[in-house]
Amino acid sequence: MTHPGLPDTFLWGVATAGHQNEGDNSASDTWFLEHTTPSLFREPSGPACRGYQRWETDLDLAAGLGLNAFRFSVEWARVEPERGAVSAEALDHYERKVDGCLERGLAPLVTFSHFTAPHWFAAAGSWTAADAPARFAEQCDRVMARFGDRIAYGVTLNEPNLEQLLQAGAKLPAEAEALKTRMLAAAAHAAGSGTYASANVIPAHRQDEFQAAFTRAHRAAREAIKARRADLPVGVSIAVADEVALPGGEERRDAKRAAVYAHWLREARHDDFIGVQNYERVVHGPDGEVTPEGERNGMGTVIEPESLAGAVRYAHEVSGVPVLVTEHGIQTPDDAQRAAFVPAAVEHLAAEVRAGTPVLGYCHWTLMDNFEWIFGYGARLGLHEVDRDTFERRPKPSAKAYADVVRRHRDPLAGARG
């Protein structure tokens with residue numbers, strides 16, 4: 001039986017990422033940058049949430065919420081910590097995780113690169129190096145060879161447009177941009193390399209270069225994945241704010257869309273789906289962005305549950321392919337906001353599906369509070385809190401709120417039965 005608008009095949013999941021969750025990802029570029037002086041990162045990731053050791057507990061938490069999908073990334077830096085040296089232990093680990101998902105009724109949604117890459121890769125030109133697409137394709141192939149037969153969806157890259165979004169919205173102050181450049185120069189010197197780069201700390205003047213590089217890498221990855229398994233749905237996940245125009249603001253809205261999203265939505269026409277990651281709405285007036293009245297989240301933007309449906313609708317209209325919501329959530333220390341926000345957003349999404357937009361599933365970001373990149377452990381987006389000393393996971397009220405939404409949709413008669 002289906003809930004109006006959402007098919008039985010709809011994926012209800014949580015999204016996680018290796019570096020942010022697993023801990024001690026010491027062979028990665030991000031780890032190196034966290035320990036560079038100066039560093040844009042507020043604090044080092046350190047043990048993160050000890051997710052590498054506690055993965056079974058975390059899958060149990062997801063299954064306990066009534067979910068049927070789990071998104072996670074395979075850390076390339078763990079699998080190939082030194083160029084050409086492949087870790088059988090790391091591949092074994094991720095294979096066990098895939099099987100653990102299946103044992104719990106969770107469809108494994110695998111991200112092949114969630115921002116982080118090996119340190120050696122970053123020091124050898126990163127994604128802009130001539131051989132980068134081939135190196136990434138090799139990594140995708142070895143992952144697919146090991147357990148590609150058992151995964152449900154493949155996401156090549158996570159938010160390759162994030163830096164364009166941050167810069168178009170002036171989200172990073174000028175001093176942060178300058179610090180980023182100094183950090184990367186210091187990292188290159190420390191690595192004994194002429195260059196150092198990482199996927200989510202790209203200098204403004206290299207945006208176009210990296211967009212072209214990410215595109216080559218995505219295509220090479222898609223080809224490698226499909227060579228192993230032609231039927232596996234493959235796509236890229238991009239950050240999409242819900243861009244809304246007031247009368248007279250249409251030109252500004254359209255310019256933002258063209259600068260931040262259009263390239264990847266056109267590229268997705270060759271994929272099986274487009275991953276949408278939405279956290280906010282941006283309102284454009286004739287003279288620039290407008291801040292409406294209303295309750296704010298921890299990012300300082302107004303909480304708008306309809307933003308996800310708007311972002312999904314736009315992404316499908318341009319790409320023409322089905323949408324998988326690979327991330328959606330709210331940064332806030334006030335969990336009551338999250339507990340109210342998630343059910344409201346999902347209902348708007350269900351209405352969008354009823355209106356005809358094909359949506360494959362919804363993954364909430366994230367299962368637990370974790371390492372949020374340059375913001376360290378200060379940003380809260382989890383359904384569970386994590387004790388920073390014992391690493392115990394404790395559910396927040398929003399975990400139950402999300403579980404209740406999922407139960408109502410997966411079993412519409414649950415409420416009637418009491």
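Here the structure is a predicted model, which means the values were calculated and not measured.
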Counting N and O atoms only, with roles assigned by atom type, does the side chain of E34 sit under 3.5 Å from a partner on the main chain of F32, one being a donor and the other an acceptor? no
Using atom types as modelled and distance alone, determine if a side-chain donor or acceptor of D242 lies under 3.5 Å from a backbone N or O of R281. no
Looking only at non-hydrogen atoms, find the nearest pair between A197 and F210 and report the distance. CB-CZ, 3.5 Å
Using a cut-off of 6.0 Å, state whether more than 12 heavy atoms not belonging to E251 lie near its atom CD. no
Can you confirm whether more than 12 heavy atoms, excluding those of D208, are under 6.0 Å from its CG atom? no
Could you go through F136 and W127, starting from their C-alpha distance and side-chain angles, then the distance that decides it, and tell me whether this counts as ring pair (Phe, Tyr, Trp, His ring centres under 6.0 Å)? CA-CA 9 Å; F136 186 43; W127 296 96; 5.1 Å; yes
With distance as the sole test, does T111 use its side chain to make a donor-acceptor pair with the main-chain N or O of S113 at under 3.5 Å? no
For the CD atom on Q53, are there more than 12 heavy atoms of other groups (residues, nucleotides or ligands in this structure) within a distance under 6.0 Å? yes
Treating S126 as the side-chain partner and T128 as the backbone partner, does any N or O pair qualify as donor plus acceptor under 3.5 Å? no
Would you say the side-chain atoms of N25 pair up with the backbone N or O of S28, donor to acceptor, closer than 3.5 Å? no
Determine, for F391 and R54, whether the Lys NZ or Arg CZ falls below 6.0 Å from the six-membered ring centre while staying within 45 degrees of the axis. no
With a 3.5 Å distance limit and no angle check, can you tell me whether T181 reaches the backbone of E177 through a side-chain donor-acceptor pair? yes
May I ask you to decide if L40's main-chain N or O and K180's side chain share a donor-acceptor pair within less than 3.5 Å? no
Checking Q277 against E159: is there a side-chain donor and acceptor pair closer than 3.5 Å? yes
Aromatic ring proximity F112/H218, centre distance under 6.0 Å: no
Give the ring-plane orientation class for H328 versus H364, where under 30° counts as parallel, over 60° as perpendicular and anything between as tilted. perpendicular
Atom pair OG1/CD of T366 and E372 - distance to nearest 0.5 Å: 7.5 Å
So, do F273 and H316 have ring centers that fall under 6.0 Å from each other? no
Can the ring centres of H270 and W264 be said to be less than 6.0 Å apart? no
Look at the side chain of D29 and the backbone N and O of W31, then say whether any donor-acceptor pair between them is shorter than 3.5 Å. no
H189 NE2: over 12 foreign heavy atoms closer than 6.0 Å: no
Of W373, W76, F115, the residue whose pairing with H19 passes ring pair (Phe, Tyr, Trp, His ring centres under 6.0 Å): W373
Considering all heavy atoms, the nearest L367-A62 contact: CD1-N, 4.5 Å
Taking salt bridge (Lys or Arg N to Asp or Glu O under 4.0 Å) as the test, write out the residues that go with E306, two or more places apart. none
Closer than 3.5 angstrom, by distance alone: can the side chain of R338 be matched with the main-chain N or O of S398 as a donor-acceptor pair? no
Is R146 close enough and on-axis enough to Y94, meaning under 6.0 Å and within 45°, for cation-pi? no
Would you kindly check if the NZ (Lys) or CZ (Arg) of R78 is within the cone defined by 45 degrees around the ring axis of Y52 and under 6.0 Å from the six-membered ring centre? yes
Just do the side-chain hydrogen bond (donor to acceptor under 3.5 Å, both in side chains) check on S307 and N278 with the steps written out, would you? CA-CA 7 Å; S307 70; N278 170 261; 2.9 Å; yes
From CA spacing to verdict: salt bridge (Lys or Arg N to Asp or Glu O under 4.0 Å), K97, E56: CA-CA 8 Å; K97 192 164 182 175; E56 290 180 282; over 6 Å; no
Exactly one candidate in Y402, W12, F10 meets ring pair (Phe, Tyr, Trp, His ring centres under 6.0 Å) with H409; the answer is W12
Donor-acceptor pair, distance only, cut-off 3.5 Å: does the side chain of R229 make one with the backbone of I151? yes
